[in-house]
Asker: 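Quick one: the structure is below, questions incoming.
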Amino acid sequence: GNNSVLDEEQDRNTFNLVSLNHFDTQVGLRRRYAEDSYFNVWFGYQNNKTTDQEGTILDREERFYGDGDLVFGFVKPEFVFDLRDHPVFPSKGVLLGAYGRKHAVDFSVSKVAAEIHVSTRRFPISLSLRTGWATSRGRAPFYELPTLGRDNGLRGFQRNRFTGSGYFF
């Protein structure tokens, strides 16, 4: 995936390990409706700094955007429509969510996700379906790009295993 090359000389546990000092503060407004559904508007500030480590993916002549110091502000509207019967272990209901995050340094990230859970009264079986889509626009730093892995849409892979300009699952 994502054009990664398998290099037997690299220790995969340390080569892709990135050290990021991250400070983030947010303030927002929330409007709740229909029990667990809500609309948020967040305003925030981020200060990010990567520390170069010899022998890692950051130790190269061609620098990634966002490597080093990057400070920016952002606005993030978020919409969640939740009609599930339980927030963690649902057996029936629908969840729709969407957010966009516009950054002051001319990039944005948008995500949409949906879940549907159906169960029968006759048999103790539930069917759950989940889908998601994300995209980034502009020149986003590598740590703000959409990612898949662990509990983010693609279980069984390391967190952030697949990173790129967007995804669909």
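Values below: all heavy atoms of this structure, side chains included; hydrogens, waters and symmetry mates excluded.
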Asker: Can Ser91 and His117 be counted as having a side-chain donor-acceptor contact under 3.5 angstrom?
Answerer: no
Asker: Does Arg84 form a side chain to side chain contact (heavy atoms under 4.5 Å, CB included) with Glu115? I'd like the steps, not just the answer.
Answerer: CA-CA 9 Å; Arg84 299 174 300 169; Glu115 295 179 10; 3.5 Å; yes
Asker: For Tyr33, does the OH atom sit with more than 12 other heavy atoms under 6.0 Å from it, leaving out its own atoms?
Answerer: yes
Asker: Shortest non-hydrogen contact from Arg137 to Thr135?
Answerer: NH2-CG2, 3.8 Å
Asker: Measure across Pro90 and Asp85 and return the closest heavy-atom pair with its distance rounded to 0.1 Å.
Answerer: CA-OD1, 3.3 Å
Asker: Restricting to non-hydrogen atoms, name the atom on Tyr167 and the atom on Thr147 that form the minimum distance, rounded to 0.1 Å.
Answerer: CE2-O, 3.6 Å
Asker: Hey, can you tell me if Phe107 and Phe72 have their rings parallel, tilted or perpendicular (30° and 60° cut-offs)?
Answerer: perpendicular
Asker: If you group Ile, Leu, Val, Met, Phe, Trp and Tyr by side-chain heavy-atom gaps below 4.5 Å, do Phe81 and Val41 land in one group?
Answerer: yes
Asker: Calculate, to the nearest 0.5 Å, the distance between atoms OG1 and CD1 belonging to Thr120 and Ile125 respectively.
Answerer: 6.0 Å
Asker: Decide yes or no for Phe74 and Asp24: does some side-chain heavy atom of the first lie under 4.5 Å from some side-chain heavy atom of the second?
Answerer: yes
Asker: Do Lys76 and Tyr99 form a cation-pi contact, if we require the NZ or CZ to be under 6.0 Å from the six-membered ring centre and within 45 degrees of the ring's axis?
Answerer: yes
Asker: Give a yes or no on whether Val94 and Phe79 share a hydrophobic cluster (residues Ile, Leu, Val, Met, Phe, Trp, Tyr; joining criterion: side-chain heavy atoms under 4.5 Å apart).
Answerer: yes
Asker: Distance check, rounded to the nearest 0.5 Å: Asp82 atom CG versus Leu95 atom CG?
Answerer: 5.0 Å
Asker: Rounded to the nearest 0.5 Å, how far apart are CZ of Arg139 and CG of Asp106?
Answerer: 11.0 Å
Asker: CG of Leu96 to OG of Ser37: how many Å apart, nearest 0.5 Å?
Answerer: 9.0 Å
Asker: The test is side chain to side chain contact (heavy atoms under 4.5 Å, CB included); show your working for Tyr143 and Leu70 and say whether it passes.
Answerer: CA-CA 11 Å; Tyr143 43 82; Leu70 185 61; 3.5 Å; yes
Asker: Do Phe39 and Val27 sit in the same hydrophobic cluster, where Ile, Leu, Val, Met, Phe, Trp and Tyr count as joined when their side-chain heavy atoms come under 4.5 Å apart?
Answerer: yes
Asker: Below 4.5 Å, heavy atoms only, C-beta onward: do Arg101 and Glu144 meet side chain to side chain?
Answerer: yes
Asker: Between OG1 of Thr50 and NE2 of His22, what distance do you get to the nearest 0.5 Å?
Answerer: 13.5 Å
Asker: Could you pull out the closest heavy-atom pair between Gly100 and Pro77, with the gap in Å?
Answerer: O-CD, 3.1 Å
Asker: Check whether Ser136 reaches the backbone of Ser165 with its side chain - one donor and one acceptor, N or O, closer than 3.5 Å.
Answerer: yes
Asker: Are any non-hydrogen side-chain atoms of Lys49 and Phe23 less than 4.5 angstrom apart?
Answerer: no
Asker: How close do Val71 and Val105 get, counting heavy atoms only, and between which atoms?
Answerer: O-CG1, 4.0 Å
Asker: Taking atom CZ of Arg30 as the centre, report whether more than 12 heavy atoms of other residues, nucleotides or ligands fall under 6.0 Å from it.
Answerer: yes
Asker: Without swapping roles, check the side chain of Asn40 against the backbone of Trp42 for a donor-acceptor pair under 3.5 Å.
Answerer: no
Asker: If you draw a 6.0 Å radius around NZ in Lys102, do more than 12 non-hydrogen atoms from other residues or ligands fall strictly inside?
Answerer: yes
Asker: Kindly give the heavy-atom pair with the smallest separation between Ser108 and His103, and that separation in Å.
Answerer: CA-ND1, 4.1 Å
